[in-house]
Amino acid sequence: MKTTLITTENYLKLTQFYQTYAAVVDQANWTAWLDMFAEDCVYKVQARENYDRNLPMAALSLTSKGMLKDRIYGITETIFHDPYHQLHMVSSPLILSESDKGVIESQANYTVFRTKNDGIAEVYNVGRYLDRLRITDDGIQIESRLCIFDNEMILNSLIYPI
Amino acid sequence: MSQENRIPMTPIWDHEDTSRIPFWAYTNEDIHKQELEKLFYKNHWCYVGLEAEIPQPGDFKRTVIGERSVIMVRHEDNSIYVVENVCAHRGMRFCREKHGNTKSFTCPYHQWNYDLEGNLQGVPFRRGVKQDGKVKGGMSKDFKTSDHGLTKLLVAERGGVVFASFDHDVESFEAFLGPTMLSYFDRMFNGRKLTLLGYNKQRIPGNWKLMQENIKDPYHPGLLHTWFVTFGLWRADNRSELKMDEHFRHAAMISTRGSGGKDTQTTNVSSFKESMQLNDPSFLDVEVEPWWDGPTAVMMTLFPSVILQQQVNSVSTRHIQPNGHGSFDFVWTHFGYEDDTPEMTERRLRQANLFGPAGFVSADDGEVIEFSQQGFEQKPFHRSLAELGGKDIEETDHMVSETLIRGMYAYWRKVMGV
């Protein structure tokens, strides 16, 4: 695997960013979640089977910030579901490429545990983030985040972003 | 005597019609085993996939009918075969890949090899080994490979969709659907080649029949699916019809929004809550397609194994794969048509956000099925009620009826003998 020339400073920023993202979704802080995305952005949750076979279908396929906002409206106002908490464990990021214009392509593995009101934490979704991020003066923004999950079956439903 | 007083509880239908459905129909493991036998393995055609999933000779896809693993495969002569994924030798479920391309099937355990039709081609050491000039071991003299093929299923293809049956005496697929359902089937699968967009898969902890009932129940969409109503996709003034086959096992819920075309009623943002607008209206960027011939949504339930979905531009098959009485896997195969423009493909993919395990209007279906099953399990002597629109079974020109559920259970009782 080729090495990249990322600076220590940027790697620390990136690490902090991945952990912040996990904390934000675990706290269901959807305003902060939206703020982590660029205006022109893509967010998908896609089964590995589709991704590996180049099939475009995804469990969630949001291709604008407006769609992200509409999703948040859906999960907070319209979709009926069993209440649950999420807990994310996110690995250190792996840099795939870095351009001199501040665009980083990177990935990190994640595990999401789901805990329902009367329940015990269960392994809910396992996969990797495949990202295109931009380092700006205001911090890092997500231009594209694909959550490629290994689970053959989603455990009934997937409501919150992962 | 009511079920409540009968201990141990025996599965007896103690109501004169099907406007009451006993909970044991969803909780009794013996009933479930009988359903697999009587509904999935005998007398019925079950969904296995789309031809578009196996476009090339040798392409195969592993799937299930009821709880039996089967393989759908395209032969060199382009015909499609479906065989059971159980080796004739030691019973191993030999095919482990979800899909692939092969010239033949080989069970890794003892290298028994089958052609794509399921015929046994050869077995190692059939004639034993030669040692010191003598033949030792090997199969019996009367062993014939022709007696030991894989279980072969009857196959029906129509419009690019593949069904199969373990029962070689089953009626034709066309007779199984009946003329009314067949006309809606042909509307959606009118001979154009299908293109595969991909899968969504979810495991729902509820009895499989609840999914059939969910799509035979036009009572809930405007009530449970708040999203539908909020953004104007479900309106009380939609033109609607409920239709069934003559046995009441299959059904279609047909509805037409507004006047068709790109007015505010059929496209997007106008709604009961006029103030609610999507930030990105392209979720509901609907384009009327000529093949619709009117209806903007047709939801078909083909008993017992599949639901065929047309919701505006989003088309999919939803395959019901039971695992035990209290759980099933629900596999959505989204597709398009060969003459779709790239814009239409994008449109189908965007609208797919409404459906599947994360869908704006389908995620809640899986949830209510899970909690219904919880209610049945805690109170198995009780029953549910399906009386909207009366107690009779009839086609309607409105959505305010549970007639399709009553119809399904009239058929179910007949086949199950309860």
Side-chain angles (χ1 to χ4, degrees), chain A residues 34 39-84 116-119 122 124-125 147-162, chain B residues 98-99 195-206 223-231 276-284 316 321 323 327 329-336 345-346 348-371:
Chain A
L34 284 169
E39 272 314 303
D40 196 4
C41 63
V42 170
Y43 174 78
K44 290 185 186 182
V45 181
Q46 189 179 36
R48 183 178 188 153
E49 181 181 19
N50 289 330
Y51 181 80
D52 287 349
R53 292 174 66 179
N54 237 350
L55 297 167
M57 182 55 51
L60 265 180
S61 180
L62 309 175
T63 51
S64 70
K65 195 143 184 182
M67 283 190 173
L68 264 61
K69 289 178 186 161
D70 289 332
R71 180 67 190 177
I72 297 306
Y73 181 80
I75 65 179
T76 52
E77 302 292 333
T78 74
I79 301 177
F80 167 73
H81 64 91
D82 221 5
Y84 66 94
K116 291 192 172 191
N117 276 350
D118 303 319
E122 59 189 335
Y124 176 55
N125 197 285
C147 313
I148 308 298
F149 62 91
D150 278 9
N151 309 43
E152 175 68 7
M153 298 287 162
I154 286 177
L155 295 179
N156 201 346
S157 61
L158 189 146
I159 311 296
Y160 302 129
I162 53 176
Chain B
K98 297 287 293 177
H99 67 99
T195 52
L196 180 65
L197 297 181
Y199 306 98
N200 270 323
K201 303 182 182 182
Q202 59 190 133
R203 177 158 293 171
I204 302 180
L223 302 167
L224 173 66
H225 302 315
T226 316
W227 200 90
F228 256 154
V229 182
T230 305
F231 297 109
M276 268 323 299
Q277 301 218 334
L278 286 164
N279 286 291
D280 189 335
S282 63
F283 275 128
L284 293 177
S316 73
Q321 307 178 350
N323 37 59
S327 173
D329 291 345
F330 200 39
V331 176
W332 306 57
T333 305
H334 285 261
F335 60 89
T345 301
E346 279 308 309
R348 296 196 202 287
L349 290 169
R350 271 198 308 270
Q351 290 178 24
N353 281 297
L354 275 63
F355 307 105
F360 281 120
V361 296
S362 293
D364 8 35
D365 285 325
E367 295 284 297
V368 296
I369 285 174
E370 178 173 351
F371 311 143

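Naming convention: chains lettered A, B, ... in sequence-line order (proteins, then strands); numbering from 1 in each chain.
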Quick check on His225(B) against chain A: is it the side chain, the backbone, both or neither that has a heavy atom closer than 4.5 Å? neither

Work out which heavy atom in Leu224(B) is nearest to a heavy atom in Phe80(A); give both atom names and the distance. CD1-CB, 3.9 Å

Highest number of heavy-atom pairs under 4.5 Å with chain A: which of Asp365(B), Leu349(B), Val361(B)? Leu349(B)

Rounded to the nearest 0.5 Å, what's the gap from CG on Asp70(A) to CZ on Phe360(B)? Could you check? 6.0 Å

For the student: nearest non-hydrogen atoms of Met67(A) and Ser282(B), plus distance: CE-OG, 3.3 Å

Would you please go through residues 152-160 of chain A and name the residues with a non-hydrogen atom below 4.5 Å from one of chain B, in numerical order? Glu152(A), Met153(A), Ile154(A), Leu155(A), Asn156(A), Ser157(A), Leu158(A), Ile159(A)

What I'd like to find out is whether the side chain of Trp227(B) reaches to under 4.5 Å of the side chain of Glu77(A), using heavy atoms alone. no

With a 4.5 angstrom heavy-atom cut-off, is it the side chain or the backbone of Arg350(B) that approaches chain A, or both, or neither? side chain

Hey, does Tyr73(A) have a side-chain heavy atom less than 4.5 Å from the side chain of Thr230(B)? yes

Using atom types as modelled, flag every donor-acceptor pair under 3.5 Å from a side chain in residues 55-62 of chain A to any protein atom, sequence neighbours excluded.
none

So which part of Asn50(A) gets closer than 4.5 Å to some heavy atom of chain B, the side chain, the backbone, both or neither? side chain

Under 4.5 Å from any heavy atom of chain A, what part of Phe371(B) do you find: side chain, backbone, both or neither? side chain

Out of Val331(B), Ile369(B), Asp329(B), return the one with the most heavy atom pairs under 4.5 angstrom to chain A. Asp329(B)

When rounded to the nearest 0.5 angstrom, what distance separates CD in Gln202(B) from CG in Asn151(A)? 13.0 Å

Considering non-hydrogen atoms only, spot the tightest contact between Gly66(A) and Asp280(B) and give its length. C-CB, 3.9 Å

Between Arg53(A) and Tyr199(B) the two heavy atoms that sit nearest each other are NH1-CE1, 3.7 Å

